[in-house]
Amino acid sequence: VAGEHVLEQWAVVGDTFPTGCAPADGCVFGLESFEGNPDLEHPVYSTEDGIYKPGCGISNLMMSWGHDEYMYQVLKENGCRRPEAGLNMIRFHSFY
């Protein structure tokens with residue numbers, strides 16, 4: 001909730017999802033939580049693969065912005081010496 005407005009799940013911080021493609025049918029917060037997301041009407045973003053090549057790998061996805069992605073970017077850009085696998089544990093913590 002933001003003031004008098006109730007924001008949709010896709011518009012708030014929390015569980016993360018890849019942007020630039022349609023949400024997966026098995027999305028834990030339900031496809032109905034994406035109602036109102038303008039990407040669902042986009043000719044590319046609304047497709048299963050969207051802007052991605054099939055099999056491109058999880059590290060090549062552009063994730064929705066949230067606390068996980070923020071922390072990943074801060075650590076990566078400031079010389080954190082954790083291996084990429086460790087950084088990805090932070091980045092994808094809320095990705096179901």
Side-chain angles (χ1 to χ4, degrees):
V1 176
E4 296 179 12
H5 304 284
V6 176
L7 299 175
E8 293 87 353
Q9 179 280 331
W10 60 268
V12 296
V13 175
D15 297 325
T16 58
F17 55 92
T19 61
C21 62
D25 291 336
C27 176
V28 296
F29 19 85
L31 294 178
E32 64 276 359
S33 68
F34 287 89
E35 289 178 10
N37 183 331
D39 288 355
L40 295 179
E41 303 299 322
H42 190 277
V44 176
Y45 303 156
S46 63
T47 64
E48 182 179 4
D49 295 323
I51 62 174
Y52 307 104
K53 292 181 182 177
C56 69
I58 194 170
S59 293
N60 292 309
L61 300 176
M62 183 184 306
M63 300 301 290
S64 60
W65 188 253
H67 60 276
D68 302 334
E69 185 70 14
Y70 172 78
M71 182 57 74
Y72 167 79
Q73 294 294 337
V74 166
L75 292 171
K76 190 161 179 87
E77 295 302 318
N78 286 283
C80 178
R81 296 187 311 206
R82 296 279 180 245
E84 191 65 24
L87 292 174
N88 281 340
M89 289 173 67
I90 294 166
R91 184 179 190 202
F92 300 116
H93 172 76
S94 299
F95 178 38
Y96 302 96

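All values below were derived from every heavy atom in this structure, side-chain atoms included, with hydrogens, water molecules and symmetry-related copies excluded.
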Please enumerate all residues that pass side-chain contact (heavy atoms from CB on, under 4.5 Å) together with [X], with sequence neighbours excluded.
X     : value
Tyr70 : Trp65, Val74
Pro23 : Leu31, Phe34, Leu40
Met89 : none

ring-ring contact (aromatic ring centres under 6.0 Å, His included) involving Tyr45 - partner list, sequence neighbours excluded: His42
What pairs of residues pass the salt bridge (Lys or Arg N to Asp or Glu O under 4.0 Å) test when at least one of them lies in [range], not counting sequence neighbours?
range          : result
residues 56-73 : Glu69-Arg91
residues 38-49 : none
residues 51-63 : none

Ser59: side chain to side chain donor-acceptor pair (under 3.5 Å) partners, not counting sequence neighbours: Asn88
Distance-minimising heavy-atom pair for Cys21 and Tyr52: SG-CE1, 4.1 Å
Residue pair Ser46 / Ala22: nearest heavy atoms and the distance that separates them: O-CB, 3.3 Å
same_hphob_cluster([X], [Y]) at 4.5 Å side-chain heavy-atom cutoff:
X     : Y     : result
Met71 : Phe95 : no
Tyr72 : Phe92 : no
Phe17 : Ile58 : no
Val44 : Leu61 : yes

Check: Thr16 main-chain N/O paired with Ser94 side-chain donor or acceptor under 3.5 Å: no
Any residue meeting salt bridge (Lys or Arg N to Asp or Glu O under 4.0 Å) with Glu84, in chain and number order, not counting sequence neighbours: Lys76
